[in-house]
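To find a chain, count down the sequence lines: A is the first, B the second, and so on, and within it residues start at 1.
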2 protein chains.
Amino acid sequence: MAESGRCQPVKETRCELCSQHARCLPLGLELNELESFDAILQRPRPLKRGEALVRQGGSFESLYAVRSGSLKQTVAQEGQRDQITHFYLPGELVGLDGIGESRCYGSVVALETTFVCELPFTRLEDLAEHSPTLRSQLYRCMSRELRNDQRMMCLLSGRTADQRLASFLLGLSNRFRARGFSPARFHLSMSRSDIGSYLGLALETVSRVLARFQAQGLVSVEGREMTLVDRDALLALAEEGAGRHSGV
Amino acid sequence: MAESGRCQPVKETRCELCSQHARCLPLGLELNELESFDAILQRPRPLKRGEALVRQGGSFESLYAVRSGSLKQTVAQEGQRDQITHFYLPGELVGLDGIGESRCYGSVVALETTFVCELPFTRLEDLAEHSPTLRSQLYRCMSRELRNDQRMMCLLSGRTADQRLASFLLGLSNRFRARGFSPARFHLSMSRSDIGSYLGLALETVSRVLARFQAQGLVSVEGREMTLVDRDALLALAEEGAGRHSGV
DNA sequence: GAGCTTCCTTGACCCAGATCAACCTTAGTA
DNA sequence: TACTAAGGTTGATCTGGGTCAAGGAAGCTC
């Protein structure tokens, strides 16, 4: 997704050498725990753009940690257009919503060439049996995702198109920053239509709002290359009191 | 919330005698595990309508299992109207989104007289150390909530007001059914404004749509007493292909 | 039982954003 | 080099549902 995340065939399996180690699941494990963790981890495998990592309704077996690249989760509903519910960046965990169900909730598809580490869940549970750190890391990840989803629900139900886009861009920017990529300039691996689906907007609206942001000097967009020019203004916009049904 | 859920002062602490046992956290625990579980559980305490169980930004200490009654989670955002993100019914767990953060994400307030059981989280973790069942129950609960939130995101971003209301009513109905209450007739413990906030609609819209559903013979509403008259039609409406940006 | 307050309903109006449509750019491929 | 397809932009039009406003009903308190 960000330049540095691309086209790096990952040969090294060991977690402690992974660039995402600091924000991935095994963070904080003792050395011996880390070795057991490495042992259950399936060799990173490359996915090509458009290739599915898991399919909606497929049986749930594993969690996947994104090593490089990016993915989207899409949920197909009876007779409706697919809906995008998540974008995954390096260091993030795919599949948490499948635990405790035999089936996967949505499909997860690579947005670009992407490497993921597979973590068979039953083995992970065995490991967690003897590692309080791993247990609490698992809780932490799920809980964080719960909070993110709630934030998303607030965004979707109360905010204007401008505010949604501003929040989206800032959210991406923060995630890139946390991963050591530039927070100000990044590549959007998803299409306008993906963004629209994720934010509950028509793709035309996404395109128009981005054009307006550019005209207002908030961002600079060239296709999928995004530069945040006036971060403070974006932040002010995203947090602005006046959303829909915001009363006063 | 449903008639049978009200006004039952709960004297009995023991989980296995609780009416919600079959869908609560300690489900499936061995007898000795259940005893340890009972031991860490704080005596159910009554909350009056409007009373807060946890406050946004307050420190996270415990999960709470709803024993009877109902609650809402509200999130206050900088200068915006509060937003409702969840309703909790008997047997459901409050507080999962606070794990791994020191602070509570939103406030949780009783919608009517409500009894909850407090589960201090560090003690719960200790217990989970030696109970695979409890661990997997915890994962299961969190994962289920993740899926619910995602369903909610889909609802909020792609569906019309009619579809949102229909889904909301059916969702409540299913939850009541699972709890042994009537799925066809129930009491709404939340106001129209609460429903609107939860569904991303103006309260006037909620009122109008309910009136229309009544006129169409889908439901019968008298204040907060709700009867689902034509469940199939509601289901058809909720799943209908034609939402917003549904193409075709 | 008068007067609040809170909740709900209904009507009138309006606008943000969906939809429809045309066209442009870029990339893949034959 | 042309042909097709996918993605993106921009304009014109329409509408679902938000906002404002005026009452009504039901439950408090004094």
Side-chain angles (χ1 to χ4, degrees), chain A residues 48-50 72 80-84 109 111-112 155-166 187-197 199-215 219-226 237 240-248, chain B residues 48-50 72 80-81 83-84 109 111-112 155-166 187-215 219-226 237 240-248:
Chain A
K48 278 201 285 248
R49 176 181 152 76
K72 61 179 174 183
Q80 296 172 241
R81 184 171 296 180
D82 288 6
Q83 183 128 355
I84 289 169
V109 174
L111 288 167
E112 60 192 314
L155 194 69
L156 289 174
S157 82
R159 327 248 53 200
T160 65
D162 287 22
Q163 294 173 325
R164 293 182 204 195
L165 253 305
H187 178 81
L188 298 170
S189 59
M190 65 292 282
S191 68
R192 302 289 191 263
S193 158
D194 288 339
I195 297 174
S197 170
L199 295 177
L201 300 170
L203 69 92
E204 294 92 331
T205 304
V206 174
S207 184
R208 270 186 261 265
V209 172
L210 288 180
R212 185 150 36 76
F213 279 4
Q214 167 139 291
V219 306
S220 156
V221 227
E222 284 174 58
R224 297 190 175 186
E225 297 303 322
M226 171 65 62
L237 181 56
E240 192 165 280
R244 305 188 309 147
H245 11 97
S246 61
V248 166
Chain B
K48 279 202 285 250
R49 176 181 151 74
K72 61 179 174 183
Q80 295 172 241
R81 184 172 294 179
Q83 183 129 355
I84 288 170
V109 174
L111 288 168
E112 60 192 313
L155 195 69
L156 289 174
S157 83
R159 327 253 45 206
T160 65
D162 288 22
Q163 294 173 325
R164 292 182 206 196
L165 255 305
H187 177 82
L188 299 169
S189 59
M190 65 292 281
S191 68
R192 302 290 191 264
S193 158
D194 288 339
I195 298 174
S197 171
Y198 181 62
L199 294 176
L201 300 170
L203 70 93
E204 294 93 330
T205 304
V206 174
S207 185
R208 270 186 262 266
V209 172
L210 287 180
R212 184 149 37 75
F213 279 3
Q214 167 139 290
V219 305
S220 157
V221 227
E222 284 174 57
R224 295 190 177 185
E225 297 304 321
M226 171 65 61
L237 181 56
E240 193 166 279
R244 303 188 309 148
H245 9 99
S246 61
V248 180

CZ of R224(B): more than 12 outside heavy atoms within 6.0 angstrom?
yes
Which residues share a ring-ring contact (aromatic ring centres under 6.0 Å, His included) with F213(B), sequence neighbours left out
none
In whole angstrom, what separates D162(A)'s CG from dC15(C)'s P?
16 Å
Under the salt bridge (Lys or Arg N to Asp or Glu O under 4.0 Å) definition, can you give me all pairs with a residue in residues 188-200 of chain B, not counting sequence neighbours?
K72(B)-D194(B)
So, does R208(B) get its side chain near the phosphate of dC8(C), meaning an N or O under 4.0 Å from OP1 or OP2?
no
DNA chain D contacts among residues 191-201 of chain B, heavy-atom distance under 4.0 Å:
G200(B), L201(B)
Whole-Å distance, R159(A) CZ to dA16(C) C1', equals 15 Å
With B for base contact, S for sugar-phosphate-only contact and - for none (protein heavy atoms under 4.0 Å), nucleotides 21-30 of chain C reads B---------
Atom NZ of K48(B) and atom P of dC28(D): how far apart are they, to the nearest Å?
14 Å
Considering only dG18(D), dT9(D), dG17(D), which nucleotide approaches the side chain of A202(B) most closely?
dG18(D)
Mind grabbing the angle between the end helix axes of the helix from dG1(C)-dC30(D) to dA30(C)-dT1(D)? Five pairs an end, 10° rounding.
40°
Has T205(B) got a side-chain N or O lying under 4.0 Å from the OP1 or OP2 atom of dG18(D)?
yes
List the residues meeting side chain to side chain contact (heavy atoms under 4.5 Å, CB included) with R212(B), not counting sequence neighbours, and say none if there are none.
D162(B), V209(B), Q216(B)
